[in-house]
Amino acid sequence: MAYWLLKSEPATWSWAQQVAAGAQGTFWNGVRNHAAKLHLMAMKPGEEALFYHSNEGKAVVGVVRIIRSFYPDPSDASGKFGMVDVAADRALAQPVTLEAIKSDPRLAKMVLVTNSRLSVQPVTPEEWAMIMAMGAGACTTQSC
DNA sequence: GCCAACGTTGGC
DNA sequence: GCCAACGTTGGC
């Protein structure tokens, strides 16, 4: 079971919109980067991904579930890229900000920190557990 | 096939 | 609004 992180600018597609889309979910299109594409292709239905608000907010705000594996993206004229379908699963009790992630040495190797421009990223089980604990409000940074 | 130029992303 | 990082494009 792999874990992932998906980035979206809230002005383009926000967590509120994802929640409004409900259990049937929506397609996650627009990826035009080969590294990101490889991660999309590796996603399996049932796996979970962090939903991260980039630019505005700069925080992990919720969890989405992959509900359909990789298939062609109709908005890509070249036919090279594709997308998956995701549905909102649950919100975090409190957003986990980029600032909080950066300030914790145990999360220093997150792709979000090391390659901030990649829009689809893998997350390790350890990182996932940390983010979940921080997002639950169960602990503050460094006390998990 | 290399590399300079350019465009885009995203944090600050 | 600026700029650094990085991916992509296109000329050679």
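Naming convention: chains lettered A, B, ... in sequence-line order (proteins, then strands); numbering from 1 in each chain.
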Student: Among pairs that include at least one residue of residues 48-63 of chain A, which meet side-chain hydrogen bond (donor to acceptor under 3.5 Å, both in side chains), considering only residues two or more places apart or in two chains?
Tutor: A:E9-A:N55, A:E48-A:R65, A:E48-A:R90
Student: Go along nucleotides 7-12 of chain B 5' to 3' and tag each nucleotide: B for a protein heavy atom under 4.0 Å from its base, S when only backbone or sugar atoms are that close, - otherwise.
Tutor: BBBBBS
Student: Hey, could you give me each pair passing ring pair (Phe, Tyr, Trp, His ring centres under 6.0 Å) that has a residue in residues 56-91 of chain A? Not counting sequence neighbours.
Tutor: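 Qualifying pairs: A:H34-A:F81.
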Student: Regarding A:S75 and A:R32, is there a side-chain donor-to-acceptor distance under 3.5 Å anywhere?
Tutor: yes
Student: Just checking, any donor-acceptor pair under 3.5 angstrom between side chains of A:W4 and A:Q121?
Tutor: no
Student: Taking A:D76 for its side chain and A:K80 for its backbone only, find out whether a donor-acceptor pair lies under 3.5 Å.
Tutor: yes
